[in-house]
Amino acid sequence: MLQQTQVARVVDYYHAFVTRFPTLRHVAEAPPSAVTEAWAGLGYYARARNLHALAREVAAAGGALPAEPAALRALPGIGPYTAGAVASFAFERRAALVDTNVARVLRRAFAPALDPKTGAGQRALWAIAESILPRSGRAAWTHNQALMELGALVCTARARHCTRCPVRAHCATFAAEVPLPARHRSS
DNA sequence: CTCCAGGACT
DNA sequence: AGTCCAGGAG
């Protein structure tokens with residue numbers, strides 16, 4: 001539901017959905033129309049169709065979601081981001097993930113000139129994400145969560161709040177905008 | 001690469 | 001009208 005859809009608009013749909021379909025198997029056993037119906041108003045209905053197809057595929061394969069990003073990636077509706085997110089957040093695998101928030105944070109902090117809209121830009125951001133991943137899966141869980149929160153709450157798209165940013169001392173964008181003398185007092 | 005989807009906010 | 005959003009498929 002969160003693919004290209006803001007959290008605030010998803011929350012209510014999510015709770016209603018997991019109430020009606022408590023497990024993936026419930027989704028798999030329901031007709032496609034029931035899933036689409038629960039999706040009404042959310043838009044991007046391909047996601048509902050993908051979720052239903054995924055549920056049936058997983059159910060047919062024994063009922064358990066795979067934990068590895070590559071295996072997740074093979075399922076319908078699971079792309080690079082969702083594969084990384086599920087591997088990290090659900091299974092505590094040491095996996096990188098780059099969503100719109102993380103892409104913005106990494107670009108501003110490490111590569112301001114990089115264009116995230118291009119394929120080369122995306123690859124570069126994923127490479128950065130991999131390179132700064134902590135050693136353990138548990139630490140990576142916290143690390144990934146923190147990166148996303150930083151992007152959602154502080155390093156936001158329209159107005160970034162550098163004065164409240166815990167990592168501004170290490171940020172290339174902040175360094176470029178604030179003159180060196182002033183940086184000592186503010187950090 | 002391009003195209004896709006839908007609603008909110010500027 | 002344009003931008004943005006916990007992107008993915010073709």
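Residue numbers begin at 1 in each chain, while the letters A, B, ... track the order of the sequences. Everything quoted here is computed from the prediction, not taken from an experiment.
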### salt_bridge(A/Glu177, A/Arg160) N-O dist < 4.0 Å
yes
Is there a side-chain polar atom (N or O) of [X] under 4.0 Å from OP1 or OP2 of [N]?
{"X": "A/Gln6", "N": "B/dA8", "answer": "no"}
{"X": "A/Arg104", "N": "C/dC5", "answer": "yes"}
{"X": "A/Gln4", "N": "C/dG7", "answer": "yes"}
{"X": "A/Thr5", "N": "C/dC5", "answer": "no"}
{"X": "A/Arg73", "N": "C/dA9", "answer": "yes"}
{"X": "A/Thr82", "N": "C/dG8", "answer": "yes"}

### Message
Could you check whether A/Arg47 and A/Asn50, counting side-chain N and O atoms only, form a donor-acceptor pair closer than 3.5 Å?
### Response
no
Interatomic distance where [atom1] belongs to [X] and [atom2] belongs to [N] [whole Å]:
{"X": "A/Met1", "N": "B/dA8", "atom1": "CE", "atom2": "P", "value": "16 Å"}
{"X": "A/Leu51", "N": "C/dG7", "atom1": "CG", "atom2": "P", "value": "16 Å"}
{"X": "A/Tyr81", "N": "C/dA9", "atom1": "OH", "atom2": "C1'", "value": "18 Å"}
{"X": "A/Asn101", "N": "C/dC4", "atom1": "CG", "atom2": "C1'", "value": "11 Å"}
{"X": "A/Leu75", "N": "C/dG8", "atom1": "CG", "atom2": "P", "value": "12 Å"}
{"X": "A/Trp126", "N": "C/dG7", "atom1": "CH2", "atom2": "P", "value": "11 Å"}
{"X": "A/Gln3", "N": "B/dG6", "atom1": "CD", "atom2": "C1'", "value": "14 Å"}
{"X": "A/Leu42", "N": "B/dC4", "atom1": "CG", "atom2": "P", "value": "21 Å"}

### Task
For A/Pro80 and for A/Thr156, locate the closest nucleotide of DNA chain C by heavy-atom distance; then report the residue assigned to the nucleotide nearer the 5' terminus.
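That would be A/Thr156.
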Quick one: label [X] by what it contacts on the DNA or RNA (base, sugar-phosphate, nothing), any heavy atom closer than 4.0 Å.
{"X": "A/Ala46", "answer": "nothing"}
{"X": "A/Ile78", "answer": "sugar-phosphate"}
{"X": "A/Phe89", "answer": "base"}

### Query
Is it the case that one hydrophobic cluster holds both A/Leu51 and A/Val7, taking links as side-chain heavy atoms less than 4.5 Å apart, direct or via other members?
yes
### Query
In terms of hydrophobic clustering (I, L, V, M, F, W, Y; side-chain heavy atoms under 4.5 Å; direct or indirect links), are A/Phe89 and A/Val58 co-clustered?
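No; A/Val58 is not reachable from A/Phe89 via cluster members.
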Consider the side chain of [X], meaning its heavy atoms from C-beta on, and name the nucleotide among [options] that approaches it most closely.
{"X": "A/Arg9", "options": "B/dG7, C/dA6, C/dG8", "value": "B/dG7"}
{"X": "A/Gln145", "options": "C/dC4, C/dG8, C/dA6", "value": "C/dA6"}
{"X": "A/Asn50", "options": "C/dA6, B/dA5, C/dA9", "value": "C/dA9"}

#### Entry: Residue whose nearest DNA chain B nucleotide is more 5′ - A/Thr118 or A/Arg158
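Taking each residue's closest nucleotide, the earlier one in sequence belongs to A/Thr118.
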### Query
Mapping A/Ala120 and A/Gly41 to their closest nucleotides on DNA chain B, which lands nearer the 5' end?
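Nearer the 5' end of the strand: A/Ala120.
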### Message
What's the gap between B/dC4 and C/dA6 when it is taken at their P atoms, as a whole Å value?
### Response
23 Å
### Query
Is there a donor and acceptor pair closer than 3.5 Å between the side chain of A/Tyr44 and the base of B/dG6?
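Pair found.
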### Message
Taking the side chain as everything from C-beta on, heavy atoms only, tell me whether A/Pro116 gets closer than 4.5 Å to A/Gln122.
### Response
yes
#### Entry: Residue pair A/Glu149 / A/Asn101, side-chain heavy-atom distance below 4.5 Å
no
